[in-house]
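In what follows, a single structure is set out as structure tokens and then discussed.
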Protein chains: 2
Amino acid sequence: MATSTTTRDRARPVDKHDERRNQLAESALATLGELGYARTSLREIANRSDFTHGVVHYYFRDKFELIVYCVRYYKARCVRRYDDVVADAGTADELLDGFAAKLQETLREEAAMHRLWYDLRTQSMFEESLREAVTMIDRTLEEMIWRVLSRYAELAGREPVTGPAAAYGLLDGLFQQALLGYVAGDEAALETLSGQVHGLLPLLLRP
Amino acid sequence: MATSTTTRDRARPVDKHDERRNQLAESALATLGELGYARTSLREIANRSDFTHGVVHYYFRDKFELIVYCVRYYKARCVRRYDDVVADAGTADELLDGFAAKLQETLREEAAMHRLWYDLRTQSMFEESLREAVTMIDRTLEEMIWRVLSRYAELAGREPVTGPAAAYGLLDGLFQQALLGYVAGDEAALETLSGQVHGLLPLLLRP
DNA sequence: GACTTTCCTTGACACTTGTCAAGCAGACCG
DNA sequence: CGGTCTGCTTGACAAGTGTCAAGGAAAGTC
């Protein structure tokens with residue numbers, strides 16, 4: 001991100017507006033990740049940033065617009081996380097190892113963001129207005145997982161037994177369980193997750 | 001705390017106090033299932049019941065005590081849901097069919113309760129005070145799933161390839177995905193779930 | 001009957017929330 | 001220099017929140 005915000009930048013004035021929005025989204029995401037959707041107020045977001053609560057309302061019409069903007073902003077940041085692993089792996093086992101390691105890394109370093117994601121996804125079951133954004137991200141994640149699995153199958157010279165949806169559901173279940181444990185302080189969740197993924201993926205290939 | 005005073009004196013077999021608490025929990029659960037944890041206030045719970053908002057505070061010290069009581073009350077109601085299926089099945093295929101059918105039934109008839117469960121479980125990642133109750137239920141659900149899977153393996157004369165935790169994580173992932181779709185209006189999620197479960201369980205048995 | 005305990009209603013409190021309007025500082029433009 | 005526009009601060013508003021206390025109603029006890 002371009003942190004050299006001051007003056008020098010002869011770029012379009014339009015960008016400045018968007019840049020502020022992104023800064024606010026960044027702040028908001030940090031707060032949301034820490035407190036969760038329910039307990040996060042606009043004032044709290046402002047307090048934990050360098051802005052006042054009026055600014056938030058200046059850049060976003062209402063709370064909902066801010067949240068949805070954040071969700072989309074977040075998605076753009078995380079959706080290609082496993083692409084390198086897929087591209088770099090030369091064998092099926094290598095891919096599996098890389099994928100599991102990346103999952104661990106995600107769990108360790110992005111726990112707050114991911115519990116927020118699960119929070120928002122769950123909220124979308126109650127708040128219809130969140131549904132569209134959530135569905136979109138969910139589909140993107142599903143495709144991300146599918147890229148991993150189908151490449152894994154390819155490297156193994158075999159075929160997946162499941163479709164993209166089931167594959168995503170299964171892995172997401174394991175990850176969510178691990179996240180729950182990890183957030184609760186169970187460090188072993190990292191290893192458990194890796195083991196489970198190493199166990200699962202081979203099962204998803206037709207013999 | 002000591003609000004139950006000296007319950008010893010009259011030794012009424014059925015404590016009227018507890019009965020009211022259960023009625024309130026029932027009302028609260030209905031409201032929570034509809035609105036979600038974040039948007040449910042004590043007054044809203046009272047409004048949607050035959051009680052006034054003061055009564056809630058008379059029977060529960062604070063909001064948190066009510067929520068936790070509800071969570072436990074809910075658990076007691078749903079945790080033996082698959083026991084009949086396990087007991088009645090004579091073959092592995094029969095068990096699989098019965099289990100999938102019961103999952104569908106759960107999805108169809110208890111969607112509100114389950115989205116509430118996922119809501120609370122996610123909240124527990126932010127609110128430590130919810131964690132104990134949630135962990136307890138999660139373990140109970142894991143055991144429930146394990147009873148199904150291990151009996152399934154037994155009937156098939158084979159061994160499960162996963163432990164209880166992984167099995168629960170996988171199935172929970174599929175169920176949650178189906179719930180998300182179903183709540184959003186996708187009726188096909190019922191069939192999809194059944195198909196996925198029919199596909200998954202055989203994979204979980206050692207060849 | 002009167003008295004006590006239990007149950008519930010009502011209204012209030014202190015506080016937080018989203019929202020918005022009035023106004024101010026500074027840049028930009030003539 | 002004055003004027004205008006953008007970005008931001010501040011303070012206010014109404015609505016909603018959890019909590020609680022004072023007191024009435026009902027039921028049970030003597």
Side-chain angles (χ1 to χ4, degrees), chain A residues 5-28 31-32 34-70 123 126-127 129-130, chain B residues 1-28 31-32 34-70 123 126-127 129-130:
Chain A
T5 61
T6 42
T7 56
R8 220 56 176 108
D9 211 5
R10 268 298 281 165
R12 299 153 182 77
V14 167
D15 283 344
K16 189 146 182 237
H17 198 262
D18 280 358
E19 200 178 312
R20 258 289 185 278
R21 278 167 73 96
N22 289 347
Q23 284 176 18
L24 282 166
E26 206 97 40
S27 281
T31 305
L32 284 163
E34 190 145 347
L35 301 180
Y37 179 77
R39 275 163 297 283
T40 299
S41 69
L42 297 185
R43 281 176 161 83
E44 192 63 32
I45 291 174
N47 283 344
R48 289 165 179 252
S49 73
D50 297 330
F51 312 101
T52 60
H53 72 272
V55 185
V56 181
H57 198 259
Y58 181 76
Y59 284 96
F60 295 93
R61 199 175 343 107
D62 53 20
K63 185 183 187 179
F64 187 73
E65 190 185 306
L66 170 63
I67 298 289
V68 170
Y69 188 88
C70 285
Q123 294 316 308
F126 297 97
E127 186 103 26
S129 32
L130 281 173
Chain B
M1 255 246 138
T3 37
S4 56
T5 66
T6 47
T7 4
R8 303 228 72 173
D9 30 273
R10 301 299 177 261
R12 285 275 142 106
V14 181
D15 202 6
K16 206 176 167 203
H17 194 78
D18 280 359
E19 201 177 310
R20 257 289 184 282
R21 278 167 73 98
N22 290 345
Q23 285 175 17
L24 281 165
E26 206 97 41
S27 282
T31 305
L32 284 163
E34 191 145 347
L35 302 181
Y37 179 75
R39 276 162 296 284
T40 299
S41 69
L42 296 184
R43 282 176 161 83
E44 192 62 32
I45 291 173
N47 283 345
R48 289 165 178 253
S49 74
D50 298 330
F51 312 102
T52 60
H53 72 272
V55 185
V56 180
H57 198 258
Y58 180 77
Y59 285 96
F60 296 94
R61 198 180 343 109
D62 55 19
K63 185 183 186 178
F64 187 73
E65 190 186 306
L66 170 63
I67 298 289
V68 170
Y69 188 88
C70 284
Q123 294 315 308
F126 297 97
E127 185 103 27
S129 33
L130 281 173

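Every chain is numbered from 1, with letters handed out A, B, ... down the list of sequences.
Counting all heavy atoms, side chain and backbone alike, B/Ser129 lies closest to B/Phe64 at O-CZ, 3.0 Å. Of all the heavy atoms in A/Phe126 and B/Leu35, the pair that sits closest is CD2-C, 3.5 Å.
Rounded to whole Å, the distance from CD1 on A/Ile45 to C1' on C/dG18 is 12 Å. A/Phe51 places its CZ atom 20 Å from the P atom of D/dT6, with the value rounded to the nearest Å. Here the P atom of nucleotide C/dG18 and the CD atom of A/Glu65 are 15 Å apart, to the nearest Å. Per the geometry, CG belonging to B/Asp50 stands 15 Å off C1' belonging to C/dT9, to the nearest Å. Regarding B/Glu44, its CD atom lies at a distance of 10 Å from the P atom of D/dG18, rounded to whole Å. One atom, CG of A/Asp62, and another, P of C/dG18, lie 11 Å apart when rounded to the nearest Å. Residue B/Leu24 contributes atom CG, which lies 10 Å from atom P of C/dT9 at whole-angstrom precision. A straight line from CD of B/Glu127 to P of D/dG18 spans 13 Å, rounded to a whole angstrom.
Regarding contacts with the backbone of D/dC8, a side-chain N or O of A/Arg20 is found under 4.0 angstrom from either OP1 or OP2. Within the structure, a side-chain polar atom (N or O) of A/Tyr59 is placed less than 4.0 Å from OP1 or OP2 of D/dC8. Taking only side-chain nitrogens and oxygens, A/Tyr58 never comes nearer than 4.0 Å to OP1 or OP2 of D/dC8.
If you check distances only, the side chain of A/His17 never reaches the base of D/dG7 with a donor-acceptor pair under 3.5 Å.
A salt bridge links B/Arg39 and A/Glu127; the closest N-O separation between the charged side-chain nitrogens and carboxylate oxygens is under 4.0 Å.
Nearest-nucleotide assignment on DNA chain C puts the 5′-proximal partner with B/His53, out of A/Ser41 and B/His53. In terms of position along DNA chain C, the nucleotide closest to B/Thr52 lies nearer the 5' end than the nucleotide closest to the other residue of the pair A/Lys63 and B/Thr52.
Using a 4.0 Å heavy-atom criterion, one finds that B/Phe60 contacts no nucleic acid atom at all. Among the protein residues, B/Arg43 comes within range of the nucleic acid bases, having at least one heavy atom under 4.0 Å from a base atom.
At least one test fails for A/Lys63 against the ring of A/Tyr69: distance under 6.0 Å to the centre or angle within 45° of the axis.
When atom types are taken as modelled, the side chain of A/Arg21 and the backbone of A/Tyr59 share a donor-acceptor pair closer than 3.5 angstrom.
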